[in-house]
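Quick caveat, the model's predicted, so the values are computed rather than measured. Numbered from 1 within each chain, the chains take letters A, B, ... in sequence-line order.
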Amino acid sequence: MDREQVAAILAEIGTLLELKGENAFRTNAYHNAARVIANLSEDLAQVVREGRLADIPGIGSTLRDKITTLVSTGRLPYLEELRAEIPAGLVQMLRIPGLGPKKVKALYDQLHIDTLDKLQQACEAGEVARLRGFGAKTQTKILEGIAFLTQIGNRVRLDQAIVLAHGLVEGLRGLPGIKRLEVCGSIRRRRETVKDIDLLVSADDAGPIMERFVTLPGVVQVTGRGPTKSSVVVQKVFSSGVQITMNADLRVVSDEQFPFALHYFTGSKEHGIAMRLRAIKHGLKLNEYELAGEGRHIACKDEADIFHALGLQYIPPELREDTGEMEAAEKGTLPRLIRGDDIQGVFHNHTVYSDGANTIEEMALAAQALGHSYIGIGDHSQSLTVANGLTPERVLQQHKEIDRLNKKYKDFRIFKGTECDILEDGRLDYDDELLATFDYVVASVHSHFNQSREEMTRRIIRAIRHPRVTMLGHATGRLLLRRDGYAVDLDAVLQTAAETGKLIEINADPHRLDLDWIHCRRARSLGVQLVINPDAHSTAGLSNYLFGVDVARRGWLEKQHVFNTRSAAEVAKFFQAR
DNA sequence: GCCGTTTTCGGCCCGACTGTTTTCAGTCG
């Protein structure tokens with residue numbers, strides 16, 4: 001049983017215990033442990049083997065034993081007892097906005113409600129409103145919540161959330177009285193998926209800003225309205241026809257409070273808790289309005305001042321997950337994170353030769369417009385017929401065109417690449433002779449996703465070990481919120497990459513973002529070089545490389561950890577040496 | 001359930017908003 005599975009089970013235990021009415025600190029210990037395990041940047045099985053579990057902060061002797069049982073046997077009797085005791089429908093009911101463990105337990109204990117269907121019937125019959133602590137409004141909100149459940153409260157891809165957030169920002173910007181305006185929350189931390197939109201404004205008078213906010217275009221429901229905080233539901237239909245529905249919160253504070261509120265609402269929650277604990281150790285109190293102690297009030301003009309006042313380096317939002325950033329900031333050893341303008345060019349891009357929308361020349365010109373000094377073309381290989389993969393003859397034709405364009409554009413370099421399929425058994429889709437004609441080879445899995453973990457791992461490692469392979473494309477094949485990655489021992493893949501000096505791609509397509517940030521940190525610690533590729537299928541898609549930079553930053557990567565921060569000459573030299 | 005240069009017991013981050021109350025519990029982030 002791997003890291004994610006163990007984390008999911010610990011979180012499930014925490015939730016089941018909440019529904020039992022357990023002590024909140026005990027349930028929180030499980031949720032905290034789930035997070036710690038999910039964010040572990042080393043191999044869980046190895047930590048268990050070496051008896052180091054209890055060294056991890058948040059894991060004590062009880063959780064050590066339970067995790068050890070899970071990892072070694074794949075089962076946990078304690079969980080099975082809890083599942084037998086708590087109906088699964090109660091967990092579903094928790095997803096309704098406004099319903100927490102206490103209310104769900106009350107519904108179960110008093111009305112024997114243990115499914116969403118029964119809950120809906122009881123609301124419609126007016127039984128829920130008669131319970132102590134409930135009322136007519138709560139009953140109505142529950143019915144609305146059930147109706148909205150399929151659309152609201154689900155996570156949304158970062159690129160889509162950004163569009164909705166910017167719509168709200170544009171609607172507010174320019175209102176008189178707004179001093180500072182910022183998108184906070186997981187969008188600011190650049191998580192790959194986002195649950196809701198958090199906006200923060202500083203102004204002397206919140207009234208008119210709140211009024212505008214709840215009537216902005218796209219707002220379909222107002223779910224909260226107070227003097228400093230309002231909540232709405234926003235909806236947008238994308239040109240693809242996809243309709244996205246999200247919650248959005250706006251907080252309005254004074255300009256003096258803005259830095260504290262910005263830090264607070266950027267989160268993560270766990271990072272915020274760690275910061276408040278640190279403030280307490282300094283004899284201070286930190287909340288969303290101030291950093292203060294007895295008789296003193298520490299003025300901060302921006303977030304950096306807050307960190308410095310607590311003896312810390314400035315921690316960029318992407319690192320605020322309580323996964324070691326506090327300790328590093330105290331020691332002054334935070335990474336100098338890679339930036340978007342460090343990227344000099346990208347590989348793994350498609351053209352009209354396979355399934356792209358633009359020509360090689362159009363892609364090259366678009367890359368130049370982004371300030372890049374080179375581009376790599378990596379169209380699909382022959383067996384991927386659905387994507388118009390290139391036959392050997394068409395490869396040679398494409399190479400001639402690239403040679404011609406390289407003569408035409410003197411200060412820009414086009415590299416000849418391929419996104420070559422990794423076949424079922426780990427062989428490559430072109431013979432060695434043809435592979436030798438490319439400057440570089442991206443090897444990717446596009447078929448037989450259902451292989452066993454062992455087969456898939458063996459298959460990918462065999463491909464990485466092929467001398468002509470330069471980098472591994474989209475390491476797990478996941479599609480965010482749609483398809484899990486295939487089963488593969490990523491740690492073994494990363495170790496092979498480290499051993500053979502091969503590159504691992506951070507696929508910057510916002511549908512994929514694969515490798516994820518946790519494995520980026522793992523790759524970094526193993527000394528593996530990463531490469532950020534947009535997997536562009538059009539000129540517009542090229543700029544997606546910035547989403548990959550976000551992942552790299554969340555993965556603590558610096559410029560030197562990412563291959564395509566190198567110049568065209570350095571890249572050419574690397575390719576020739578392989 | 002975790003944790004400890006005050007503690008092996010008794011703490012454990014903090015505030016806004018809602019709905020139900022008549023002073024507050026529950027939920028949320």
Side-chain angles (χ1 to χ4, degrees), chain A residues 10-11 13-14 17-36 53-67 78 93-107 128-142 144-145 152-153 184-189 194-200 206 210 222-232 247-253 257 260-261 263-281 284-292 320 322:
Chain A
L10 294 175
I13 292 174
L17 289 176
E18 282 172 15
L19 288 167
K20 275 186 76 171
E22 257 295 349
N23 176 298
F25 296 109
R26 184 165 174 237
T27 63
N28 191 44
Y30 278 93
H31 286 294
N32 184 54
R35 187 184 61 83
V36 168
L53 260 182
D55 297 343
I56 300 171
I59 310 286
S61 58
T62 304
L63 279 163
R64 176 198 61 202
D65 293 347
K66 289 195 164 75
I67 294 168
Y78 180 61
M93 286 159 65
L94 280 179
R95 293 177 57 217
I96 297 169
L99 275 195
K102 298 271 167 53
K103 283 206 161 75
V104 169
K105 188 172 190 306
L107 290 164
V128 169
R130 287 197 287 272
L131 290 185
R132 182 172 177 79
F134 291 73
K137 284 206 172 181
T138 304
Q139 186 170 266
T140 307
K141 274 191 80 171
I142 291 174
E144 287 174 358
I152 282 193
C184 313
S186 45
I187 294 181
R188 183 159 182 250
R189 299 201 315 281
V194 173
K195 192 152 165 284
D196 32 43
I197 297 168
D198 296 296
L199 299 179
L200 177 67
M210 287 298 183
V222 180
T223 48
R225 178 85 192 263
T228 67
K229 175 186 173 181
S230 291
S231 302
V232 300
N247 287 306
D249 291 338
L250 170 68
R251 303 286 288 242
V252 183
V253 298
Q257 295 167 336
F260 304 102
H263 177 265
Y264 185 89
F265 294 115
T266 295
S268 67
K269 190 179 171 204
E270 291 77 15
H271 167 84
I273 290 171
M275 284 286 282
R276 288 192 285 283
L277 286 172
R278 186 173 178 88
I280 290 169
K281 283 184 187 154
L284 298 165
K285 187 179 96 162
L286 176 65
N287 59 28
E288 61 257 62
Y289 303 119
E290 61 176 359
L291 178 63
R320 300 181 196 168
D322 192 27

A.B. asks: Rounded to whole angstrom units, what separation is found between the CD atom of A/E22 and the P atom of B/dC2?
C.D. replies: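 Between P of B/dC2 and CD of A/E22: 13 Å.
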A.B. asks: What is the distance from CG of A/L284 to P of B/dC13, rounded to the nearest Å?
C.D. replies: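 Result: 17 Å.
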A.B. asks: Quick one: label A/I96 by what it contacts on the DNA or RNA (base, sugar-phosphate, nothing), any heavy atom closer than 4.0 Å.
C.D. replies: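 Sugar-phosphate contact only - A/I96 comes under 4.0 Å of backbone atoms but never of a base.
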A.B. asks: Any side-chain N or O of A/T27 less than 4.0 Å from the OP1 or OP2 oxygen of B/dG1?
C.D. replies: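 For B/dG1, OP1/OP2 do not have a side-chain N/O of A/T27 under 4.0 Å.
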A.B. asks: Taking 4.0 Å as the cut-off, does a side-chain nitrogen or oxygen of A/R26 come that near to OP1 or OP2 on B/dG1?
C.D. replies: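 So the side-chain polar atoms of A/R26 do come within 4.0 Å of the phosphate oxygens OP1 or OP2 of B/dG1, strictly under.
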A.B. asks: Any side-chain N or O of A/S61 less than 4.0 Å from the OP1 or OP2 oxygen of B/dG1?
C.D. replies: no
A.B. asks: For A/H263 and A/E288, test the side chains for any donor-to-acceptor distance below 3.5 angstrom and give the result as yes or no.
C.D. replies: no
A.B. asks: Tell me: OH of A/Y289 to C1' of B/dC14, nearest whole Å?
C.D. replies: 10 Å
A.B. asks: Is there a donor in the side chain of A/T266 and an acceptor in the side chain of A/R188, or the other way round, less than 3.5 Å apart?
C.D. replies: yes
A.B. asks: Does B/dC17 have OP1 or OP2 sitting under 4.0 Å from an N or O in the side chain of A/S231?
C.D. replies: no
A.B. asks: Could you say whether A/L277 or A/D198 is positioned toward the 5' end of DNA chain B, judged by the nucleotide with the nearest heavy atom to each?
C.D. replies: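 Per heavy-atom nearest nucleotide, the more 5' residue is A/L277.
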A.B. asks: What is the distance, rounded to the nearest whole Å, between atom NZ of A/K281 and atom C1' of B/dT6?
C.D. replies: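 After rounding, the reported distance stands at 14 Å.
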A.B. asks: For A/K103 and B/dC17, give me the distance from atom NZ to atom C1', rounded to whole Å.
C.D. replies: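 Whole-Å distance recorded here is 12 Å.
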A.B. asks: In the structure I gave you, are the side-chain heavy atoms of A/Q257 and A/E290 within less than 4.5 Å of one another anywhere?
C.D. replies: no
A.B. asks: OP1, OP2 of B/dG15 versus side-chain N and O of A/K285: anything below 4.0 Å?
C.D. replies: yes
